[in-house]
Amino acid sequence: MFQAPLPVEYMHLGPDESAERIARAKHTLGPRLVILGHHYQRDEIIRWADYRGDSLKLSQLAADEKQAEMFVFCGVHFMAESADILTRDDQAVVLPNMSAGCSLADMARLSEVEAAWEQISEVVGTASIMPITYVNSAASLKAFVGKHGGSCCTSTNARKVLEYALSRAEKAFFFPDQHLGRNTAYSMGLDPERDMVLWDPGLRMGGVEPEAMRRARIILWKGHCSVHQRFTVEQINRARAEHPGVRVIVHPECSLDVVQAADLFGSTEYIIRQIRASEPGSTWAVGTEINLVRRLQDELPDRTVFCLDPIVCPCSTMYRIHPRYLVWALENLVEGRMVNRVVVPSDIKADARLSLQRMLDIT
Ligand code: 13P
Ligand code: SF4
């Protein structure tokens, strides 16, 4: 998404002045405004969030919030789109910086998925294939899935959604994150070699042999998160050698070997819950974004919490929500102007809502 440069009067705001102006604008807007913050946001942003959460929690909060007139979403573009899909038309969703996207979501475009669907259909038909999209995807893909009887999922509910799909269809077509799909299917007892195929959108027929396609239960899209693919089994082995008794917890966007080598895996909300509930004195190595890990470190000084990757790995797109952008978005709202409103086009909204609603119903 294109983001025009900030007006010059915002470009050089220092941290104190930004904080003061955010506080003032938030106070002026009062209950008309709700600020939603994803766990990967930096401290200078997350401190202003009325609600913090993972993708699922934030979608549910937006859907349940009936009073607010406007949501400022401190997260990435697909999250703001989900909020717009689930809220009423008279409730507006603003993303402070339009260039805060998600490189994983960008790995599956509608035209590619439609082409894949058609090619798969030539081999096995699509009558008994249920499409599932991870919420980390554009609204157009959510609409595609809604239209074809499928569901969204998040890292929290991927298993329930996949179980639902495979109890109603012979196969599931899972995009765009191969790792969440593979980890979830593996945890259900499916075999990565026999039951899963990997669809590469750059290759003819996705690079999948017809026989393998006929046999597969899950067709995985060749997408990945660049933050989570940095975690390795070697890092886990090193953490165990250097910190006897350490527990390793990772996000399911990590690869299968990493998830299998870890003690626990789950969404950002799950990771936080597990570490907060652990006994004082315990040690945790965490495979997810660094802002979340650092916050847990600060919040729980009686526990040792560190990132598996010694070279810190922030999500560069989440990081684009800088306090200056938040000041700019909020002060415009105070003035009765709306900058950076995220509006999902009406011709795809109903189908996209269907896939999100199906997910909320399943879970
Ligand atoms: P969660 O739903 O676990 O917050 O994950 C979202 C995400 O983008 C992880 O990279
Ligand atoms: Fe997307 Fe990965 Fe960033 Fe999550 S961490 S928002 S999946 S790029």
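Remember, it's 1-based here, ligands and their atoms both numbered in the order they're listed.
- Atoms of ligand 2 lying under 4.0 Å from any heavy atom of E253, numbered from 1 in the order shown and given with element: 2 (Fe), 7 (S).
- Look at C102 and atom 3 (Fe) of ligand 2: no N/O/S atom of the residue is under 2.8 Å from the metal.
- What sits closest to atom 5 (O) of ligand 1 on the protein, heavy atoms only, is H251 NE2, 3.3 Å.
- Distances from atom 7 (S) of ligand 2 to the heavy atoms of D106, L292, T288, N136 show the closest one on N136.
- For F144 and W117, the ring centers sit closer than 6.0 Å to each other.
- When heavy-atom distances to ligand 1 are checked against a 4.0 Å cut-off, T154 has no atom that comes that close, whether in backbone or side chain.
- Polar contact with ligand 1: present for E253 (N/O pair, distance under 3.5 Å).
- In this structure, R247 pairs ionically with E279, as a charged nitrogen and a carboxylate oxygen lie closer than 4.0 Å.
- Residue contacts with ligand 1 do not include Y270, since none of its heavy atoms lies under 4.0 Å from the ligand.
- The distance from ligand 2 to the heavy atoms of C315 drops below 4.0 Å at these ligand atoms: 3 (Fe), 5 (S), 6 (S), 8 (S).
- Closest protein heavy atom to atom 6 (C) of ligand 1: S55 OG, 3.4 Å.
- Nearest non-hydrogen protein atom to atom 2 (Fe) of ligand 2 is C225 SG, 2.4 Å.
- For H38 and F73, the ring centers are positioned 6.0 Å apart or more.
- For a threshold of 3.5 Å applied to N or O pairs, the pair formed by H38 and ligand 1 contains at least one separation below that value.
- Taking distance alone, with nitrogen or oxygen atoms compared against 3.5 Å, S155 approaches ligand 1 more closely than that limit.
- Of all atoms in ligand 1, numbered sequentially from 1 with element shown, those under 4.0 Å from a heavy atom of H228 are 10 (O).
- In this structure, I218 CD1 and M188 CE are separated by 6.0 Å, a value rounded to the nearest 0.5 Å.
- Ring geometry for H228 against H251 counts as tilted: the plane angle lies between 30° and 60°, on a 0 to 90° scale.
- How far CD1 of I35 is from CZ of R47: 11.0 Å, rounded to the nearest 0.5 Å.
- Looking at atom 8 (S) of ligand 2, its nearest protein heavy atom turns out to be S103 OG, 3.6 Å.
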Handout entry: Chi angles and distances behind the salt bridge (charged side-chain N to carboxylate O under 4.0 Å, His left out) call for K160, E163
Key = CA-CA 5 Å; K160 277 194 180 146; E163 281 171 351; over 6 Å; no
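- At the shortest separation from atom 8 (O) of ligand 1 among protein heavy atoms lies N136 ND2, 3.1 Å.
- For the 3.5 Å distance criterion, the side chains of Q357 and D361 qualify, holding a donor opposite an acceptor.
- Each of the atoms 4 (Fe), 5 (S) of ligand 2 lies under 4.0 Å from some heavy atom of Y40.
- Between R21 and E17 there is a salt bridge, with a side-chain nitrogen of the basic residue lying less than 4.0 Å from a carboxylate oxygen of the acidic one.
- Ionic pairing of R214 and E211 is present here: one or more N-O contacts between side-chain nitrogen and carboxylate oxygen are shorter than 4.0 angstrom.
- Side-chain polar atoms of E331 and Y10 form a donor-acceptor pair below 3.5 angstrom.
- Considering backbone and side-chain atoms together, S267 places no N or O closer than 3.5 Å to any N or O of ligand 1.
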